Amino acid sequence: MQVLFKILRQKPNSAPQFQSYPLEVQPGNTILECLNRIKWEQDGGLAFRKNCRNTICGSCSMRINGRSALACKQNVAQELEMLPQSHQQDLPTITITPLGNLPVIKDLVVDMSRFWDNLEKVDPYVSTQGRKIPEKEFLQTPQERSRLDQTGNCIMCGACYSECNAITVNPEFVGPHALAKAQRMVADSRDTEIETRLDHYSQGTQGVWGCTRCYFCNAVCPMEVAPMDQISRLKQQILDRKDAQSSRAIRHRKVLIDLVKQGGWIDERKFGVFVVGNYFRDLQGLLSIAPLGLRMIASGKFPLSFEASQGTAVVRSLIESVQHDE
Ligand code: SF4
Ligand code: SF4
Ligand code: FES
(Lines give C-alpha, C1' and ligand atoms only; values in the text may rest on other atoms or scores of the structure.)
(Ligands and ions follow the chains in the order given, each with its own letter.)
Protein backbone atom coordinates (compact mmCIF):
# COMPACT_ATOMS: atom_id res chain seq x y z
CA MET A 1 0.00 0.00 0.00
CA GLN A 2 1.06 3.59 -0.63
CA VAL A 3 1.42 5.80 2.47
CA LEU A 4 2.43 9.45 2.62
CA PHE A 5 4.83 10.32 5.44
CA LYS A 6 4.69 13.99 6.42
CA ILE A 7 7.79 14.69 8.47
CA LEU A 8 8.63 17.93 10.25
CA ARG A 9 12.12 18.95 9.17
CA GLN A 10 14.17 21.52 11.04
CA LYS A 11 17.73 22.79 11.03
CA PRO A 12 19.32 24.87 13.80
CA ASN A 13 18.19 28.53 13.70
CA SER A 14 15.59 27.96 11.00
CA ALA A 15 11.82 27.57 10.96
CA PRO A 16 10.43 24.02 10.88
CA GLN A 17 8.61 22.87 7.76
CA PHE A 18 6.87 19.68 6.68
CA GLN A 19 8.31 17.53 3.94
CA SER A 20 6.29 14.71 2.36
CA TYR A 21 7.61 11.30 1.31
CA PRO A 22 5.36 8.75 -0.46
CA LEU A 23 6.36 5.15 0.33
CA GLU A 24 5.16 1.68 -0.68
CA VAL A 25 4.79 -0.22 2.63
CA GLN A 26 3.28 -3.30 4.28
CA PRO A 27 0.73 -2.74 7.10
CA GLY A 28 3.05 -4.58 9.51
CA ASN A 29 6.08 -2.37 8.81
CA THR A 30 7.14 -0.40 11.85
CA ILE A 31 7.36 3.37 11.58
CA LEU A 32 11.10 3.01 12.20
CA GLU A 33 11.44 0.66 9.20
CA CYS A 34 9.63 3.26 7.09
CA LEU A 35 11.89 6.06 8.33
CA ASN A 36 14.95 3.95 7.57
CA ARG A 37 13.74 3.39 4.00
CA ILE A 38 13.00 7.08 3.53
CA LYS A 39 16.53 7.86 4.69
CA TRP A 40 18.19 5.14 2.60
CA GLU A 41 16.09 5.48 -0.57
CA GLN A 42 14.92 9.10 -0.72
CA ASP A 43 16.65 11.55 1.64
CA GLY A 44 19.93 10.73 3.36
CA GLY A 45 19.79 14.01 5.25
CA LEU A 46 16.78 13.03 7.37
CA ALA A 47 17.85 12.88 11.03
CA PHE A 48 16.28 10.64 13.71
CA ARG A 49 17.52 8.50 16.61
CA LYS A 50 17.37 4.71 16.72
CA ASN A 51 19.33 1.83 18.14
CA CYS A 52 17.80 -1.47 19.32
CA ARG A 53 14.79 -1.58 16.91
CA ASN A 54 13.05 -3.62 19.62
CA THR A 55 11.47 -1.36 22.30
CA ILE A 56 14.47 -1.64 24.59
CA CYS A 57 16.73 1.38 24.26
CA GLY A 58 14.15 4.21 24.18
CA SER A 59 16.05 6.08 21.43
CA CYS A 60 13.37 6.24 18.73
CA SER A 61 10.75 8.20 20.66
CA MET A 62 8.96 10.81 18.54
CA ARG A 63 5.47 12.15 17.94
CA ILE A 64 3.58 9.95 15.51
CA ASN A 65 0.24 11.39 14.43
CA GLY A 66 0.45 13.87 17.31
CA ARG A 67 1.15 11.33 20.06
CA SER A 68 4.54 10.52 21.55
CA ALA A 69 5.46 6.89 20.90
CA LEU A 70 8.31 4.58 19.92
CA ALA A 71 8.82 4.37 16.17
CA CYS A 72 10.02 0.76 16.49
CA LYS A 73 6.89 -0.27 18.42
CA GLN A 74 4.17 1.31 16.30
CA ASN A 75 3.36 -0.11 12.89
CA VAL A 76 1.67 1.40 9.86
CA ALA A 77 -1.65 -0.43 10.33
CA GLN A 78 -1.95 0.62 13.99
CA GLU A 79 -1.28 4.24 13.12
CA LEU A 80 -3.74 4.35 10.23
CA GLU A 81 -6.44 2.66 12.33
CA MET A 82 -6.11 5.31 15.02
CA LEU A 83 -6.61 8.21 12.60
CA PRO A 84 -10.02 9.86 13.03
CA GLN A 85 -12.34 9.56 9.98
CA SER A 86 -12.03 13.29 9.29
CA HIS A 87 -8.23 12.88 8.89
CA GLN A 88 -8.45 9.96 6.48
CA GLN A 89 -7.42 11.16 3.06
CA ASP A 90 -7.19 9.50 -0.38
CA LEU A 91 -3.56 8.74 0.28
CA PRO A 92 -3.21 7.46 3.89
CA THR A 93 -0.98 9.91 5.71
CA ILE A 94 1.21 9.48 8.79
CA THR A 95 2.56 12.66 10.36
CA ILE A 96 5.82 12.57 12.29
CA THR A 97 7.21 15.38 14.45
CA PRO A 98 9.87 15.56 17.17
CA LEU A 99 9.15 15.08 20.88
CA GLY A 100 7.60 18.05 22.64
CA ASN A 101 9.02 20.03 25.58
CA LEU A 102 12.60 19.61 24.31
CA PRO A 103 14.57 21.80 21.87
CA VAL A 104 15.15 20.38 18.40
CA ILE A 105 18.71 19.79 17.25
CA LYS A 106 17.79 18.61 13.76
CA ASP A 107 14.57 17.12 12.30
CA LEU A 108 13.42 14.47 14.79
CA VAL A 109 16.49 14.64 17.03
CA VAL A 110 15.95 16.63 20.23
CA ASP A 111 18.35 17.86 22.89
CA MET A 112 17.58 15.69 25.94
CA SER A 113 19.94 17.47 28.36
CA ARG A 114 17.08 18.86 30.46
CA PHE A 115 15.43 15.44 30.62
CA TRP A 116 18.63 13.88 32.03
CA ASP A 117 19.36 16.84 34.31
CA ASN A 118 15.88 16.53 35.81
CA LEU A 119 16.37 12.81 36.37
CA GLU A 120 19.51 13.60 38.32
CA LYS A 121 17.53 15.94 40.59
CA VAL A 122 15.67 13.03 42.22
CA ASP A 123 18.94 11.33 43.17
CA PRO A 124 18.17 8.15 41.20
CA TYR A 125 20.66 5.87 42.97
CA VAL A 126 19.97 3.39 45.73
CA SER A 127 21.45 4.76 48.94
CA THR A 128 22.79 2.45 51.62
CA GLN A 129 24.63 5.16 53.53
CA GLY A 130 23.13 4.19 56.90
CA ARG A 131 24.44 0.63 56.71
CA LYS A 132 27.85 -0.87 57.11
CA ILE A 133 29.51 -1.99 53.89
CA PRO A 134 28.33 -5.59 53.57
CA GLU A 135 30.58 -8.48 52.76
CA LYS A 136 27.93 -9.66 50.35
CA GLU A 137 25.38 -7.75 48.30
CA PHE A 138 22.14 -6.56 49.95
CA LEU A 139 19.61 -9.30 49.34
CA GLN A 140 15.91 -8.81 48.62
CA THR A 141 13.03 -11.25 48.87
CA PRO A 142 11.10 -11.93 45.64
CA GLN A 143 8.24 -9.84 47.10
CA GLU A 144 10.56 -6.89 47.77
CA ARG A 145 11.99 -7.13 44.27
CA SER A 146 8.54 -7.33 42.70
CA ARG A 147 7.76 -3.85 44.06
CA LEU A 148 10.29 -2.50 41.56
CA ASP A 149 8.95 -4.34 38.52
CA GLN A 150 6.68 -1.66 37.07
CA THR A 151 8.93 1.36 37.58
CA GLY A 152 11.97 -0.72 36.62
CA ASN A 153 10.48 -1.12 33.14
CA CYS A 154 11.19 2.52 32.27
CA ILE A 155 13.48 2.77 29.24
CA MET A 156 13.89 6.59 29.53
CA CYS A 157 12.35 7.18 26.13
CA GLY A 158 10.99 10.64 27.02
CA ALA A 159 7.47 10.05 25.66
CA CYS A 160 5.91 11.03 29.00
CA TYR A 161 8.10 14.13 29.28
CA SER A 162 7.10 15.17 25.77
CA GLU A 163 3.37 15.14 26.61
CA CYS A 164 3.61 16.56 30.14
CA ASN A 165 1.47 19.69 30.57
CA ALA A 166 3.21 20.60 33.81
CA ILE A 167 6.63 20.66 32.10
CA THR A 168 5.26 22.97 29.41
CA VAL A 169 4.15 25.64 31.89
CA ASN A 170 6.56 25.08 34.80
CA PRO A 171 10.25 24.69 33.93
CA GLU A 172 10.96 23.78 37.58
CA PHE A 173 8.91 20.56 37.45
CA VAL A 174 11.22 17.56 37.17
CA GLY A 175 8.85 15.50 35.05
CA PRO A 176 7.03 12.16 35.09
CA HIS A 177 10.09 10.05 34.21
CA ALA A 178 12.03 11.47 37.17
CA LEU A 179 9.18 11.01 39.65
CA ALA A 180 8.52 7.46 38.47
CA LYS A 181 12.19 6.82 39.20
CA ALA A 182 11.80 8.60 42.56
CA GLN A 183 9.03 6.16 43.51
CA ARG A 184 11.27 3.28 42.39
CA MET A 185 13.89 4.50 44.90
CA VAL A 186 11.36 4.90 47.74
CA ALA A 187 9.97 1.41 47.07
CA ASP A 188 13.43 -0.18 47.21
CA SER A 189 13.89 -2.15 50.44
CA ARG A 190 17.67 -1.51 50.32
CA ASP A 191 17.41 2.28 50.33
CA THR A 192 18.05 4.00 53.66
CA GLU A 193 17.09 7.57 52.70
CA ILE A 194 13.34 7.28 52.27
CA GLU A 195 12.39 10.09 54.68
CA THR A 196 14.93 12.50 53.13
CA ARG A 197 13.71 11.55 49.68
CA LEU A 198 10.06 12.17 50.50
CA ASP A 199 10.94 15.58 51.97
CA HIS A 200 12.88 16.39 48.82
CA TYR A 201 10.16 15.22 46.40
CA SER A 202 7.61 17.31 48.32
CA GLN A 203 9.32 20.69 47.81
CA GLY A 204 7.36 23.41 45.98
CA THR A 205 6.10 22.55 42.51
CA GLN A 206 9.40 21.00 41.48
CA GLY A 207 8.30 17.59 42.71
CA VAL A 208 5.01 15.74 43.12
CA TRP A 209 2.86 18.84 43.73
CA GLY A 210 3.79 20.22 40.31
CA CYS A 211 1.87 17.44 38.53
CA THR A 212 -1.49 18.58 37.14
CA ARG A 213 -2.84 15.01 36.96
CA CYS A 214 -3.56 15.22 33.24
CA TYR A 215 -2.94 11.45 32.75
CA PHE A 216 -1.04 12.01 29.48
CA CYS A 217 2.10 10.32 30.80
CA ASN A 218 0.11 7.20 31.66
CA ALA A 219 -1.58 7.27 28.26
CA VAL A 220 1.61 7.40 26.17
CA CYS A 221 4.13 5.38 28.18
CA PRO A 222 5.11 2.43 25.94
CA MET A 223 6.28 0.36 28.92
CA GLU A 224 3.21 0.76 31.17
CA VAL A 225 5.22 2.43 33.89
CA ALA A 226 2.15 4.62 34.62
CA PRO A 227 4.18 7.60 35.90
CA MET A 228 1.13 9.42 37.20
CA ASP A 229 0.22 6.43 39.38
CA GLN A 230 3.78 6.43 40.73
CA ILE A 231 3.45 10.15 41.54
CA SER A 232 0.19 9.40 43.37
CA ARG A 233 2.01 6.74 45.43
CA LEU A 234 4.66 9.27 46.41
CA LYS A 235 1.99 11.82 47.33
CA GLN A 236 0.18 9.28 49.48
CA GLN A 237 3.33 8.44 51.41
CA ILE A 238 4.01 12.16 51.94
CA LEU A 239 0.44 12.81 53.09
CA ASP A 240 0.63 9.86 55.51
CA ARG A 241 3.69 11.39 57.19
CA LYS A 242 2.99 15.14 57.14
CA ASP A 243 0.34 17.27 58.80
CA ALA A 244 -1.57 20.21 57.32
CA GLN A 245 0.99 22.69 58.65
CA SER A 246 3.82 21.24 56.55
CA SER A 247 3.01 23.12 53.33
CA ARG A 248 0.17 24.68 51.41
CA ALA A 249 0.14 21.81 48.92
CA ILE A 250 -0.30 19.25 51.71
CA ARG A 251 -2.90 21.42 53.44
CA HIS A 252 -4.79 21.66 50.14
CA ARG A 253 -5.27 17.87 49.99
CA LYS A 254 -6.07 17.45 53.68
CA VAL A 255 -8.56 20.34 53.83
CA LEU A 256 -10.29 19.09 50.71
CA ILE A 257 -10.81 15.62 52.19
CA ASP A 258 -11.88 16.99 55.61
CA LEU A 259 -14.45 19.35 54.09
CA VAL A 260 -15.89 16.70 51.79
CA LYS A 261 -16.15 14.30 54.75
CA GLN A 262 -17.95 16.99 56.74
CA GLY A 263 -20.42 18.18 54.13
CA GLY A 264 -20.39 15.75 51.21
CA TRP A 265 -18.90 18.48 49.03
CA ILE A 266 -16.61 21.47 49.54
CA ASP A 267 -17.73 24.43 51.63
CA GLU A 268 -16.09 27.08 49.45
CA ARG A 269 -16.34 29.72 52.17
CA LYS A 270 -13.85 27.74 54.23
CA PHE A 271 -11.63 26.22 51.56
CA GLY A 272 -9.53 29.27 50.64
CA VAL A 273 -9.37 30.52 54.22
CA PHE A 274 -8.14 27.16 55.52
CA VAL A 275 -5.72 26.39 52.67
CA VAL A 276 -4.26 29.79 51.75
CA GLY A 277 -4.97 31.48 55.10
CA ASN A 278 -3.78 28.40 57.03
CA TYR A 279 -6.82 28.37 59.36
CA PHE A 280 -6.47 32.17 60.01
CA ARG A 281 -2.78 31.76 60.99
CA ASP A 282 -1.36 33.24 57.78
CA LEU A 283 -2.33 36.92 57.56
CA GLN A 284 -0.41 37.45 54.31
CA GLY A 285 -2.17 34.47 52.75
CA LEU A 286 -5.57 35.79 53.86
CA LEU A 287 -4.81 39.23 52.42
CA SER A 288 -3.75 37.63 49.13
CA ILE A 289 -7.19 36.06 48.60
CA ALA A 290 -9.16 39.06 49.93
CA PRO A 291 -9.43 40.79 46.49
CA LEU A 292 -10.82 37.59 44.96
CA GLY A 293 -13.32 37.24 47.84
CA LEU A 294 -14.45 40.86 47.41
CA ARG A 295 -14.88 40.42 43.64
CA MET A 296 -16.94 37.27 44.25
CA ILE A 297 -19.15 39.11 46.76
CA ALA A 298 -19.59 42.06 44.36
CA SER A 299 -20.63 39.74 41.53
CA GLY A 300 -22.95 37.70 43.77
CA LYS A 301 -20.83 34.55 43.39
CA PHE A 302 -19.71 34.20 46.99
CA PRO A 303 -21.75 31.50 48.72
CA LEU A 304 -23.17 33.09 51.88
CA SER A 305 -24.39 29.83 53.35
CA PHE A 306 -23.52 26.17 53.01
CA GLU A 307 -25.90 23.26 52.78
CA ALA A 308 -24.47 19.81 53.35
CA SER A 309 -25.12 17.21 50.66
CA GLN A 310 -27.91 14.74 51.39
CA GLY A 311 -25.46 12.00 50.63
CA THR A 312 -22.85 13.16 53.14
CA ALA A 313 -22.96 9.95 55.19
CA VAL A 314 -22.42 7.81 52.09
CA VAL A 315 -19.61 10.05 50.82
CA ARG A 316 -17.93 9.96 54.23
CA SER A 317 -18.15 6.18 54.48
CA LEU A 318 -16.71 5.83 50.95
CA ILE A 319 -13.75 8.05 51.83
CA GLU A 320 -13.20 6.19 55.11
CA SER A 321 -13.33 2.80 53.45
CA VAL A 322 -10.71 3.92 50.88
CA GLN A 323 -8.58 5.35 53.69
CA HIS A 324 -8.79 2.09 55.68
CA ASP A 325 -7.79 0.06 52.63
CA GLU A 326 -4.60 2.06 52.14
S1 SF4 B 1 8.01 6.42 32.16
FE2 SF4 B 1 7.44 5.46 30.25
S3 SF4 B 1 7.22 7.16 28.80
FE4 SF4 B 1 8.36 7.93 30.55
S5 SF4 B 1 10.50 7.72 30.00
FE6 SF4 B 1 9.91 5.85 31.13
S7 SF4 B 1 9.28 4.40 29.55
FE8 SF4 B 1 9.31 6.42 28.58
S1 SF4 C 1 -0.08 13.43 34.93
FE2 SF4 C 1 1.36 14.90 35.83
S3 SF4 C 1 3.39 14.12 35.33
FE4 SF4 C 1 1.92 13.04 34.02
S5 SF4 C 1 1.94 14.20 32.12
FE6 SF4 C 1 0.27 15.03 33.39
S7 SF4 C 1 1.17 16.72 34.54
FE8 SF4 C 1 2.87 15.53 33.69
S1 FES D 1 15.10 1.78 18.54
FE2 FES D 1 15.31 1.24 20.65
S3 FES D 1 13.36 1.61 21.48
FE4 FES D 1 13.09 1.99 19.36
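Remember, it's 1-based here, ligands and their atoms both numbered in the order they're listed. Please read these numbers as outputs of a predicted model, since none were measured by experiment.
Residue contact check: Pro222 has heavy atoms under 4.0 Å from atoms 3 (S) of ligand 1. Shown in contact with Cys52 at under 4.0 Å from a heavy atom are these atoms of ligand 3, numbered in order with element: 1 (S), 2 (Fe), 3 (S). Using a 4.0 Å cut-off to heavy atoms of Cys72, the atoms of ligand 3 that qualify are 1 (S), 3 (S), 4 (Fe). Residue-ligand proximity, Ile231 to ligand 2, at heavy-atom distances under 4.0 Å covers atoms 3 (S). Below 4.0 Å from some heavy atom of Met228 lie the following atoms of ligand 2, by number and element: 1 (S). Taking a cut-off of under 4.0 Å to the non-hydrogen atoms of Cys57, the atoms of ligand 3 that pass are 1 (S), 2 (Fe), 3 (S). Near Thr212, meaning under 4.0 Å from one of its heavy atoms, ligand 2 places the atoms 2 (Fe), 7 (S). Close approach of ligand 1 to Met156 (heavy-atom distance below 4.0 Å) involves ligand atoms 5 (S), 6 (Fe). Atoms of ligand 2 found under 4.0 Å from any heavy atom of Ala166 (numbered from 1 in listed order, with element): 7 (S). Listed by number with element, the atoms of ligand 3 under 4.0 angstrom from any heavy atom of Thr55 are 3 (S). Proximity to Tyr215 (heavy-atom distance under 4.0 Å) selects the following atoms of ligand 2: 1 (S), 6 (Fe).
If you check which protein heavy atom lies closest to atom 1 (S) of ligand 1, you get Pro227 CG, 3.6 Å. Atom 3 (S) of ligand 3 has as its closest protein heavy atom Gly58 N, 3.2 Å. Atom 8 (Fe) of ligand 1 has as its closest protein heavy atom Cys157 SG, 2.4 Å. Of all protein heavy atoms, the one lying nearest to atom 7 (S) of ligand 1 is Ile155 N, 3.5 Å. For atom 1 (S) of ligand 3, the closest non-hydrogen atom on the protein side is Arg53 N, 3.2 Å.
Under a 4.0 angstrom heavy-atom cut-off, Gly158 registers as being in contact with ligand 1. Under a 4.0 angstrom heavy-atom cut-off, Cys217 registers as lying outside contact with ligand 1. Residue contacts with ligand 1 do not include Pro176, since none of its heavy atoms lies under 4.0 Å from the ligand.
Neither side chain, Lys39 nor Asn36, offers a donor N or O lying under 3.5 Å from an acceptor on the other. Gln74 and Glu79 are linked by a side-chain donor-acceptor pair at a separation below 3.5 angstrom, with hydrogens and angles left out of the test. Between the side chains of Asn75 and Asn29, no donor N or O sits under 3.5 Å from an acceptor N or O. Residues Tyr201 and Gln237 bring no donor and acceptor atom of their side chains to less than 3.5 Å of each other. For Thr168 and Asn101, the side-chain atoms include at least one donor-acceptor pair closer than 3.5 Å. Inspection of the Arg233 and Gln230 side chains reveals an N or O donor paired with an N or O acceptor under 3.5 Å. A side-chain donor from one of Thr205 and Asn170 sits under 3.5 Å from a side-chain acceptor of the other.
The aromatic rings of His177 and Phe115 lie parallel to each other, with less than 30° between the two planes, well short of the 60° mark. Ring orientation note: the planes of Phe274 and Phe280 are nearly perpendicular, at an angle over 60° on the 30°/60° scale.
Among the backbone and side-chain atoms of Cys221, an N, O or S atom lies under 2.8 Å from atom 2 (Fe) of ligand 1.
Looking at Ala159, Cys160, Cys154, Cys164, it is Cys154 that brings a heavy atom closest to atom 6 (Fe) of ligand 1.
Counting heavy-atom neighbours within 6.0 Å of Phe306 CZ, excluding the residue itself, gives a total above 12. Heavy-atom neighbours of Arg53 CZ from other residues, nucleotides or ligands within 6.0 Å: at or below the threshold of 12.
Within the 4.0 Å heavy-atom criterion, the part of Ile56 lying near ligand 3 is the backbone and not the side chain. In Asn218, neither the side chain nor the backbone holds a heavy atom less than 4.0 Å from any atom of ligand 2.
The distance between the ring centers of Phe5 and Tyr21 does not fall below 6.0 angstrom.
Across Gln284, Arg248, Gln245, a single residue satisfies side-chain hydrogen bond (donor to acceptor under 3.5 Å, both in side chains) together with Asn278, and that is Gln245.
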